[in-house]
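To start, the structure under review is shown below, and the notes come after it.
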Amino acid sequence: MIIIRSVKEMQIKIKNLRKQNKIGFVPTMGYFHQGHLSLMKAAKEENDIVVTSIFVNPLQFGPNEDYERYPRNEERDMQLAKNTGVDILFIPEAKDMYPSELAISMKVNKRANVLCGKSRPNHFDGVVTVVAKLFNIVLPDKVYFGMKDAQQLAIIEALISDFNFPIELVGLPTVRETDGLAKSSRNVYLNEEEKNEAVWLQKALLVGQQLITRGERSPNIVSTKIKEIINKETTGIIDYVEVLSYPGLEPITTINEQIIIATAVTFNKTRLIDNLLLDEDGKILTKIGKL
Ligand code: AMP
């Protein structure tokens, strides 16, 4: 595995490699767990060269969010990426990615004013900006994103299609702890008690899913039930529980299409998200190819 820290160097390297090789790309913010590694493994199976990037993107963090304290461990990440078969680990510096204030900004108009976008204004503008830059630097054939960040996945799909990036998008399922807690770099912020409580995010979503498979068609009844459970079983503060169409992320009055049921809950200062993507019968989707 080679490590590249300069944007220019990455561009020179990929220009040569892509003539003969299919390039798979996994963008991340580092502090790897099995969720990240599952994306790298899939990329390894489906491409000749796997590029992974680590970049904690200042543009997508709000003023009171955890940019400064976002967990970082480069040495450990390098070892894990190498063991997973990554060929190039791209770790650019913020001043190389953003040498001066951008003259042109990107604005997400759809799919962004719900779920996390509501309480994180401009977050997805920052995400699409960095992802578009990374796509242009790495020039991948296929990119891999997690369904854990389902809103991000839906917005990346729109980015690729709106701006005609010649890239195939693959969305892969959320990797969880054995107790069901979705793996997240931010889980390190949780104490034992909060970790035990956080398991209820998925449990509550699964109760919502069961209601749907048993015939419930009202998004309100489903989200109310999920809220009740999270409030009863945890000390977390609910940011949202929403049932929306997917990937359009539009409000629905009846459940009769592919949907997302999603929640965000804050434990102390740690905001956790989880979701289930369901087909029209309420069955859990495990892979997203074409959204
Ligand atoms: P992050 O480093 O948090 O920006 O995540 C990088 C990529 O890993 C994103 O595409 C995430 O959706 C994905 N990811 C994060 N957590 C998980 C997980 N538990 N399972 C699968 N993918 C994940």
Side-chain angles (χ1 to χ4, degrees), residues 24-44 50-61 65-67 69-74 76-78 80-81 84 86 89-92 97 115-116 120 123-124 126-135 138 140 142-157 159-160 167-190 195 198-199 201-202 205 246-247 260 262-264 270-277 284-289 291:
F25 178 40
V26 182
T28 81
M29 299 201 298
Y31 210 74
F32 295 154
H33 50 65
Q34 289 300 325
H36 297 114
L37 303 185
S38 72
L39 303 181
M40 296 173 209
K41 272 181 214 146
K44 187 76 188 169
V50 177
V51 181
T52 294
S53 62
I54 299 177
F55 184 60
V56 183
N57 173 34
L59 235 59
Q60 71 191 63
F61 285 78
E65 293 182 359
D66 56 348
Y67 175 68
R69 66 178 193 125
Y70 194 82
R72 294 163 168 90
N73 189 340
E74 221 175 80
R76 182 171 165 275
D77 284 354
M78 286 176 189
L80 288 169
T84 314
V86 169
L89 187 58
F90 178 45
I91 318 179
M97 288 292 280
L115 307 173
C116 294
R120 303 187 75 188
H123 168 69
F124 289 109
V127 169
V128 292
T129 304
V130 79
V131 168
K133 283 170 73 75
L134 288 168
F135 285 178
V138 175
K142 265 180 142 175
V143 290
Y144 297 80
F145 285 83
M147 288 155 75
K148 155 95 188 330
D149 300 280
Q151 186 173 18
Q152 171 174 276
L153 181 61
I155 290 172
I156 299 300
E157 189 233 6
L159 173 74
I160 288 175
I167 294 176
E168 190 183 326
L169 174 63
V170 182
L172 293 176
T174 302
V175 176
R176 299 176 180 280
E177 306 285 352
T178 41
D179 61 11
L181 174 64
K183 299 233 184 205
S184 163
S185 306
R186 290 189 170 102
N187 288 351
V188 290
Y189 300 147
L190 301 172
K195 249 194 197 149
V199 171
L201 271 64
Q202 195 219 16
L205 292 173
Y246 194 86
I260 180 170
T263 184
T270 307
R271 190 168 169 285
L272 300 183
I273 58 171
D274 203 348
N275 71 76
L276 296 174
L277 299 181
I284 296 176
L285 296 169
T286 51
K287 189 172 177 180
I288 301 272
L291 298 193

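Counting starts at 1 for both ligands and their atoms, following the listed order. Keep in mind that what you see is a predicted model, and the values were worked out from it rather than measured.
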Q | Partners meeting side chain to side chain donor-acceptor pair (under 3.5 Å) with Arg76 (sequence neighbours left out) | A | none

Q. Taking the side chain as C-beta and beyond, is there a heavy-atom pair between Ile160 and Val143 under 4.5 Å?
A. yes

Q. Are side-chain heavy atoms of Gln202 and Asp179 found at a separation under 4.5 Å?
A. no

**Q.** Which residues share a side chain to side chain donor-acceptor pair (under 3.5 Å) with Asn187, sequence neighbours left out
**A.** none

Q. Residues in side chain to side chain donor-acceptor pair (under 3.5 Å) with Asp66, at least two apart?
A. Arg186, Tyr189

With the criterion set at N/O pairs under 3.5 Å, what does the list of contacts between the protein and ligand 1 look like, atom names and distances included?
unit_1, atom_1, unit_2, atom_2, d
ligand 1, 2 (O), Met29, N, 2.9
ligand 1, 2 (O), His36, NE2, 2.8
ligand 1, 5 (O), His36, NE2, 3.4
ligand 1, 10 (O), Gly146, N, 2.9
ligand 1, 12 (O), Gly146, N, 3.2
ligand 1, 12 (O), Gly146, O, 3.3
ligand 1, 12 (O), Asp149, OD2, 2.6
ligand 1, 19 (N), Val175, O, 3.0
ligand 1, 19 (N), Lys183, O, 2.8
ligand 1, 20 (N), Val175, N, 2.8

Q. Any side-chain heavy atom of Ser185 sitting closer than 4.5 Å to one from Tyr70?
A. yes

